[in-house]
Amino acid sequence: MAQKIFITGASSGIGAALAQHYAGRGATLGLAARRAAQLQTLADSLATEVCTYALDVSDTAALSSAAQDFIARHGVPDIVIANAGISAGTRSEQAEDIAVLVKIMQTNVIGLAATLQPFVAAMRARGSGILVGIASVAGFRGLAGAGAYCASKSAAITWLESLRLELHGSGVDVVTICPGFVATPLTAGNRNRMPFLLGAPAAARRIALAIEARKPLAIIPWQMRMVFLFLRRMPNWLYDRLFARAPRKPRNSST
């Protein structure tokens, strides 16, 4: 039987690549994103059954309505992927960047939680399902000029871990995906080097494999896992010396 999969942030980047990947396997898709025209263009290109939902994940009521509609049409999904996310360069001395921090947290943390929440009880009642959150390796250590983004991804990782514990033994798995650098609009403004850069289709294939394996935490690609395990163990004095002057994302450059 074909899988049923619900994906947010599906109009471009990793979300669109995941939609294309799963469409190629005949999955029935629920795709949500802010950009209605771009989302519909993607849906029209997929040779599978697709429901589209033009919404912002910071609108929790719209997300709940979309989840209820998808369940009513197709039943409880097998996989839900909270992929929507935004990024922006920020500076702590700029008062107006507090509003940027709020927006990023609302999208990357509250939006992630609000994406998965409407499906939790139904999956638990069925005794199966996979809830997936797309976080980032940026959630493991702070980066100068990216405090809002790093903080949001760190919070996402922790929230997903808490959800995994809540659902332990229920038959519902929680998978946290931490990509490294992926060639998407989100990374287009980066000034720093992007080692082990993946194209979105390649990243989507690796993410799908991690989801299929129901890995609690997957850092993609594997080379980035080794780098960030090393960085997490690096003494603070050395980390500060090496990264304090690293190139920064342009302030308020966001996607």
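Values below: all heavy atoms of this structure, side chains included; hydrogens, waters and symmetry mates excluded. All figures in this text were calculated on a predicted structure; none of them were measured in a lab. Position 1 is the first residue of the sequence; numbering continues from there.
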Nearest atoms (heavy-atom pairs only) where [X] meets [Y]:
X      : Y      : answer
Ala88  : Val100 : CB-CG1, 3.7 Å
Leu198 : Pro221 : CD1-CD, 3.9 Å
Val57  : Ala84  : CG1-CB, 3.8 Å
Val76  : Lys4   : O-CE, 3.1 Å
Gly180 : Val137 : CA-CG2, 3.8 Å
Leu112 : Asn108 : CB-O, 3.6 Å

Are [X] and [Y] in one and the same hydrophobic cluster, where Ile, Leu, Val, Met, Phe, Trp and Tyr link if side-chain heavy atoms are under 4.5 Å apart?
X      : Y      : value
Trp159 : Met123 : yes
Val50  : Tyr53  : no
Leu217 : Leu163 : no
Leu165 : Val132 : no
Leu18  : Val80  : no

State, without any angle test, whether Ser162 and Glu166 hold a side-chain donor-acceptor pair at a distance under 3.5 Å.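 Side chains of Ser162 and Glu166: no pair found under 3.5 Å.
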Determine whether the side chains of Arg141 and Asn236 contain a donor N or O and an acceptor N or O closer than 3.5 Å.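 Asn236 and Arg141 do have a side-chain donor-acceptor pair below 3.5 Å.
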List the steps, then state whether side-chain contact (heavy atoms from CB on, under 4.5 Å) holds for Val120 with Val172. CA-CA 8 Å; Val120 172; Val172 181; over 6 Å; no
Point-to-point distance, once rounded to the nearest 0.5 Å, from [atom1] of [X] to [atom2] of [Y]:
X      : Y      : atom1 : atom2 : value
Tyr149 : Thr107 : OH    : OG1   : 12.0 Å
Ile7   : Leu29  : CD1   : CG    : 5.5 Å
Ile134 : Thr115 : CD1   : OG1   : 11.5 Å
Leu101 : Gln106 : CG    : CD    : 9.5 Å
Leu55  : Leu63  : CG    : CG    : 5.0 Å
Ile110 : Asp59  : CD1   : CG    : 13.5 Å

When you measure from the side chain of [X] to the backbone N and O of [Y], does any donor-acceptor pair fall under 3.5 Å?
X      : Y      : result
Thr41  : Ala37  : yes
Tyr239 : Gly142 : yes
Ser170 : Leu167 : yes

side-chain contact (heavy atoms from CB on, under 4.5 Å) between Met234 and Leu242: does it pass, once the steps are laid out? CA-CA 10 Å; Met234 184 179 291; Leu242 292 176; 3.9 Å; yes
Sub-4.5 Å side-chain heavy-atom contact between [X] and [Y]:
X      : Y      : value
Ile79  : Leu131 : no
Asp78  : Phe6   : no
Phe243 : Leu231 : yes
Ile177 : Ile220 : yes

If the condition is side chain to side chain donor-acceptor pair (under 3.5 Å), which residues does Asn83 pass it with, not counting sequence neighbours?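 Partners of Asn83 under the side chain to side chain donor-acceptor pair (under 3.5 Å) test: none.
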For Met226, check side-chain contact (heavy atoms from CB on, under 4.5 Å) against everything at least two apart and list the hits.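 Result, side-chain contact (heavy atoms from CB on, under 4.5 Å) vs Met226: Trp222.
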Not counting sequence neighbours, which residues clear side-chain contact (heavy atoms from CB on, under 4.5 Å) with Ser11? List them please.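 Per chain and number, Ser11 pairs via side-chain contact (heavy atoms from CB on, under 4.5 Å) with Ala33, Arg35, Gln38, Leu39.
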When the ring planes of His74 and Phe70 are compared, do they come out parallel, tilted or perpendicular, using 30° and 60° as the limits?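 The arrangement is tilted - the two ring planes meet at 30° to 60°.
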Run the side-chain contact (heavy atoms from CB on, under 4.5 Å) check on Cys178 and Ile157 step by step: do they pass? CA-CA 8 Å; Cys178 293; Ile157 291 167; 3.8 Å; yes
Under the rule for salt bridge (charged side-chain N to carboxylate O under 4.0 Å, His left out), what residues qualify as partners of Asp240, not counting sequence neighbours?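 Counting only residues at least two positions away or on another chain, Asp240 forms no salt bridge (charged side-chain N to carboxylate O under 4.0 Å, His left out).
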Looking at residues at least two apart in the chain, or sitting in another chain, which of them share a salt bridge (charged side-chain N to carboxylate O under 4.0 Å, His left out) with Arg164?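 Partners of Arg164 by the salt bridge (charged side-chain N to carboxylate O under 4.0 Å, His left out) criterion, ordered by chain and then number, come out as Glu161.
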Not counting sequence neighbours, list each pair that qualifies as a salt bridge (Lys or Arg N to Asp or Glu O under 4.0 Å) and has a residue in residues 203-219.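 Qualifying pairs, neighbours excluded: Asp173-Arg214.
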Step by step, would you call Gln20 with Leu42 a side-chain contact (heavy atoms from CB on, under 4.5 Å)? CA-CA 8 Å; Gln20 291 163 341; Leu42 172 66; 3.7 Å; yes
